[in-house]
Amino acid sequence: MGMIDADELLPAKRIRQAVVAGDVTQLHRGDQHAAEGDQFTIDDVLFEVTTVREEQLGDLTDEDARAEGSKNLAAYKKRIEQTHDITWDETDTTVLHQFERVD
């Protein structure tokens, strides 16, 4: 547990801005970029990573998609396929990183 660089976990400025706004509270990545208890700052706002676990893409829900800033799972799948130039495979694994603002 320690301080991590927000850019490592949240590589896109748009995502970091959505985190500060409270619109994004988790992010799935291809591999692990933080541990539970790690903290990071964005614009002097402190956040803590609360959950890190491996999941299969097929386990993701509309709720997960909304927590990552998408309207629903279909929109999230489309965004991921376009952004990463991949075909969504329900059996592929991903790492969930959930975080919350620390007041």
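Panel note: side chain T61, backbone E63; a donor-acceptor pair is recorded below 3.5 Å. A donor-acceptor contact shorter than 3.5 Å is absent between the side chain of Q56 and the backbone of D92. The closest donor-acceptor contact from the side chain of D43 to the backbone of V45 lies at 3.5 Å or more, if one exists at all. Side chain of E48 to main chain of V102: no donor-acceptor pair is present (N/O by atom type, distance under 3.5 Å, no hydrogens or angles). T41 places no side-chain N or O within 3.5 Å of a backbone atom of D44 that could act as its donor or acceptor partner. Judged purely by atom type and a 3.5 angstrom limit, D62 uses its side chain to pair as donor or acceptor with the backbone of L73.
By the 4.5 Å heavy-atom criterion applied to side chains, K77 and E90 are counted as neighbours. Using a 4.5 Å heavy-atom cutoff, the side chains of D103 and L46 are not in contact. The shortest side-chain heavy-atom distance between K13 and I15 does not fall under the 4.5 Å cut-off. Counting heavy atoms from C-beta outward, T25 and E100 have side chains that stay 4.5 Å or more apart. Two residues are said to be in side-chain contact when any heavy atoms from C-beta on lie closer than 4.5 Å; E68 and Y76 meet this criterion. For the pair F99 and D38, the minimum side-chain heavy-atom distance is 4.5 Å or more. In this structure, R29 and H97 have side chains that are in contact, with non-hydrogen atoms separated by less than 4.5 Å.
Salt bridge annotation for R16-D7: present, with a cationic side-chain nitrogen under 4.0 angstrom from a carboxylate oxygen. Under a 4.0 Å N-O distance rule, the pair R79/E81 does not qualify as a salt bridge.
More than 12 heavy atoms of other residues, nucleotides or ligands lie within 6.0 Å of CG in D89, so this atom counts as buried by the packing criterion.
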Worksheet item: Can L9 and V49 be said to form a side chain to side chain contact (heavy atoms under 4.5 Å, CB included), step by step?
Response: CA-CA 10 Å; L9 176 59; V49 178; 4.3 Å; yes
Worksheet item: Which is it for K71 and R66 under the side chain to side chain contact (heavy atoms under 4.5 Å, CB included) test, yes or no, and what are the steps along the way?
Response: CA-CA 6 Å; K71 179 180 177 181; R66 285 189 296 274; over 6 Å; no
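Taken together through direct or relayed side-chain contacts under 4.5 Å among Ile, Leu, Val, Met, Phe, Trp and Tyr, L96 and V52 form parts of separate hydrophobic clusters. Side-chain heavy atoms closer than 4.5 Å link hydrophobic residues (I, L, V, M, F, W, Y) into clusters, and following such links, even through other members, never connects L27 to L60. Residues I4 and V24 are members of one and the same hydrophobic cluster, defined by side-chain heavy-atom contacts under 4.5 angstrom among Ile, Leu, Val, Met, Phe, Trp and Tyr.
The closest side-chain donor-acceptor pair between D64 and Q26 falls under 3.5 angstrom.
For the atom pair NE2 of H28 and NE2 of H33, the computed distance is 13.0 Å after rounding to the nearest 0.5 Å. Note that CD of Q98 is 5.5 Å distant from CZ of R53, once rounded to the nearest 0.5 Å.
Of all heavy-atom pairs spanning A6 and I42, the tightest one is CB-CG1, 3.8 Å.
Ring orientation note: the planes of F40 and F47 are close to parallel, at an angle under 30° on the 30°/60° scale.
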